[in-house]
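Heads up, the thing below is written out as structure tokens.
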Amino acid sequence: MNTEHWTKAELRARLLAWYDANARALPWRVGPAERARGVRPDPYRVWLSEVMLQQTTVAVVRRYFARFTELWPRVEDLAAASEAQVMAEWAGLGYYARARNLHACARIVAEAGGRFPSTREGLEKLPGIGPYTAAAIAAIAHDAPEAVVDGNVERVMARLHAVEEPLPKAKPRLAAHAAALVSPHRPGDFAQAMMDLGATVCTPRAPACGRCPLAFACAARASGLARELPRRAAKTPKPRRRGIAYVARRAGDGAWLLERRPPRGLLGGTLGWPVSEWTEGDAPAPAPPLAAEWSDAGARVRHTFTHFHLELEVFVTLAAPGVEPRRGSFVPAEAFRAEALPSLMRKVHAVAREHPAIAAVS
DNA sequence: GAAACGTGGCA
DNA sequence: TTGCCAAGTTT
């Protein structure tokens, strides 16, 4: 039973008209005017932006997208890079499995002639491409009539239909609502319109219903629930862990002792300072990567991951020129870039570099 | 289905 | 300062 006094076609038309006038200009996007003239976006750029945008804000992605496309304009260029290069450029973006999968995916696509699959099913087989990203690439790059359901769309659907069931249980229902709305004529623009609406109007905390092209049809708006939806299951509190980071420089040439982390798990595959285990109750056991006189740098590094808080003590030492580290390897001062480290490790560096034991080394 | 997996901005 | 949240995927 449909008691609404509006049709889906009307809703689609309102949303697309709003998009035509309000689409955000994004470096990876072909805007509605150009799209109407037949211009298609480059699937490589759509894929790259979509992977970067997974759980990540547009403002941050802009910088990384510019750098990646400058270094690697085509998928073959990215495929030809080393994984270490890709990890270094991804440093700071987070969720590093994305970078490993990105590189693996680039090699598969390059090997297959440099063409991305054009269907959702084909795309979803590639590493790092799940249901959302596959649908997004198919819709945006190929105008396939796929429902593109991300956090924005879930929020818009929850409000439009006043779905009070909390996430994540409500996901299938919200996806069904979204699927029922997909535009058969402009699927790519429709997908991007829905996401732009969620990002700029139907925002999480303070929805601007006064500017919303769908307000006329919004059930949450009608019942004053817009700000409350979507509801979410209660989150479990984050435990607090402690650890020790070790920053060693070599006397003479000023090389830094760094270690490549294991390929899977937290910060997997990234470059960083040798660290102790991170413990919840007891103090972490010391685990210096080389035998030396270590000094406490004083300031602690605090960092919050998705599922725990971390507080790191920072120890520094000036190592003798001939010393052999137990773990990691020395990186020449000229080759060292703090920007190639994940954020946690950048914070450790910022603390360590102030310590007189290593600050003056050149 | 639940848990792991980063980071920065904002209230 | 602390908690919430942002264009999800993998195991």
Side-chain angles (χ1 to χ4, degrees), chain A residues 24 26-29 45-65 87 90-102 104-105 123-137 139-140 146-156 167-172 175 178 188 191-200 202-207 227-228 230-241 261-270 272 278 301-311 339 341-347:
Chain A
R24 289 177 292 176
L26 300 171
W28 48 84
R29 170 178 287 177
R45 293 166 65 88
V46 173
W47 163 71
L48 181 60
S49 66
E50 288 299 341
V51 173
M52 287 183 166
L53 285 161
Q54 290 166 6
Q55 302 287 284
T56 308
T57 56
V58 167
V60 177
V61 168
R62 279 179 182 276
R63 300 197 294 273
Y64 284 82
F65 182 83
M87 296 308 291
W90 194 273
L93 246 196
Y95 285 138
Y96 296 94
R98 290 185 297 170
R100 302 193 300 272
N101 287 331
L102 185 85
C105 183
L123 287 159
E124 210 168 336
K125 291 190 173 71
L126 294 166
I129 300 184
Y132 161 76
T133 305
I137 298 171
I140 297 170
E146 299 286 351
V148 179
V149 187
D150 69 341
N152 286 309
V153 176
E154 287 180 344
R155 184 170 59 256
V156 172
L167 287 168
K169 278 202 187 313
K171 277 175 179 288
Q192 295 176 92
M194 198 68 96
M195 292 190 279
D196 274 22
L197 186 72
T200 65
C202 195
T203 56
R205 298 181 199 254
R227 258 192 50 159
E228 316 288 323
R231 302 193 196 286
R232 291 174 190 280
K235 297 193 167 46
T236 58
K238 296 185 196 330
R240 187 166 300 281
R241 297 182 188 167
R261 294 177 62 86
R264 297 181 178 284
L266 193 68
L267 304 177
T270 65
W278 300 344
V301 165
R302 302 172 71 86
H303 192 78
T304 298
F305 291 102
T306 310
H307 52 297
F308 65 94
H309 301 289
L310 178 67
E311 184 176 307
E339 311 77 56
L341 308 179
S343 294
L344 167 67
M345 300 297 176
R346 290 181 195 175
K347 290 184 188 176

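Values below: every heavy atom of this structure, side chains too, minus hydrogens, waters and symmetry copies. The chains referred to below are lettered A, B, ... by the order of the sequence lines, with proteins before strands, and numbering in each begins at 1.
- Here the C1' atom of nucleotide dC4(C) and the NZ atom of K238(A) are 9 Å apart, to the nearest Å.
- Between S49(A) and R302(A), the residue anchored closer to the 5' end of DNA chain C is R302(A), taking for each the nucleotide with the nearest heavy atom.
- Going from atom NE2 of H309(A) over to atom P of dT2(C) covers 8 Å, rounded to whole Å.
- At whole-Å resolution of the value, CZ in F308(A) and P in dG3(C) are 16 Å apart.
- Under 4.0 angstrom from either OP1 or OP2 of dA6(C) there lies at least one side-chain N or O belonging to R232(A).
- The shortest distance between the side-chain N/O atoms of H307(A) and the OP1/OP2 oxygens of dC5(B) is below 4.0 Å.
- Looking at heavy-atom distances under 4.0 Å, G198(A) makes no contact with the nucleic acid at all.
- Counting non-hydrogen atoms under 4.0 angstrom, V51(A) reaches nothing in the nucleic acid.
- With ring centers used as reference points, F305(A) lies 6.0 Å or more from H307(A).
- No side-chain heavy atom of L26(A) sits under 4.5 Å from any side-chain heavy atom of Q192(A).
- Neither OP1 nor OP2 of dC5(C) sits under 4.0 Å from any side-chain N or O of R155(A).
- The nearest whole Å value for the distance from the NZ atom in K235(A) to the C1' atom in dA6(C) is 12 Å.
- Here W90(A) lies out of heavy-atom contact (under 4.0 Å) with every strand.
- Protein atom CZ of R241(A) is 12 Å distant from nucleotide atom P of dG6(B), rounded to whole Å.
- Looking at heavy-atom distances under 4.0 Å, R240(A) makes no contact with the nucleic acid at all.
- Distance noted for atom P between dG8(B) and dT9(C): 22 Å (whole Å).
- Judged as a ring pair (Phe, Tyr, Trp, His ring centres under 6.0 Å), and not counting sequence neighbours, the contacts of F65(A) are W28(A).
- In plain terms, the two heavy atoms of L267(A) and Y96(A) that are nearest each other are CD2-CE1, 3.6 Å.
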With the criterion being N/O to N/O and under 3.5 Å, what pairs connect the protein with nucleotides 9-11 of chain C, and how long is each?
| from | atom 1 | to | atom 2 | distance (Å) |
| --- | --- | --- | --- | --- |
| dT9(C) | OP1 | G130(A) | N | 2.8 |
| dT9(C) | OP1 | G130(A) | O | 3.3 |
| dT9(C) | OP1 | T133(A) | N | 3.0 |
| dT9(C) | OP1 | T133(A) | OG1 | 2.8 |
| dT9(C) | OP2 | Y132(A) | N | 3.2 |
| dT10(C) | OP1 | G128(A) | N | 2.5 |

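- Listed for the R346(A) side chain is a donor-acceptor partner under 3.5 Å among the backbone atoms of A91(A).
- Residue pairs meeting the salt bridge (Lys or Arg N to Asp or Glu O under 4.0 Å) criterion with at least one partner in residues 302-311 of chain A, sequence neighbours excluded, are R300(A)-E311(A), R302(A)-E311(A).
- When rounded to the nearest whole Å, the span between CG of L167(A) and P of dA2(B) equals 13 Å.
- If you measure from atom CD1 of I137(A) to atom C1' of dG8(C), you get 13 Å, rounded to the nearest angstrom.
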Dump the pairs, protein N or O against N or O of nucleotides 7-9 of chain B, anything under 3.5 Å, distances to one decimal.
| from | atom 1 | to | atom 2 | distance (Å) |
| --- | --- | --- | --- | --- |
| dT7(B) | OP1 | Y96(A) | OH | 2.8 |
| dT7(B) | OP1 | S343(A) | N | 2.8 |
| dT7(B) | OP2 | H303(A) | NE2 | 2.6 |
| dT7(B) | O3' | S343(A) | OG | 3.1 |
| dG8(B) | OP1 | S343(A) | OG | 3.1 |

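- In this structure, M345(A) places its CE atom 12 Å from C1' of dG6(B), rounding to the nearest Å.
- Side-chain contact annotation: Q54(A) with R98(A), donor-acceptor N/O pair under 3.5 Å absent.
- Under the rule for a salt bridge (charged side-chain N to carboxylate O under 4.0 Å, His left out), K238(A) has no partner lying at least two apart in sequence or in another chain.
- Among residues two or more places apart in sequence or in another chain, the salt bridge (charged side-chain N to carboxylate O under 4.0 Å, His left out) test is passed with R155(A) by none.
- The distance from atom OG1 of T57(A) to atom CZ of R62(A), rounded to the nearest 0.5 Å, is 10.5 Å.
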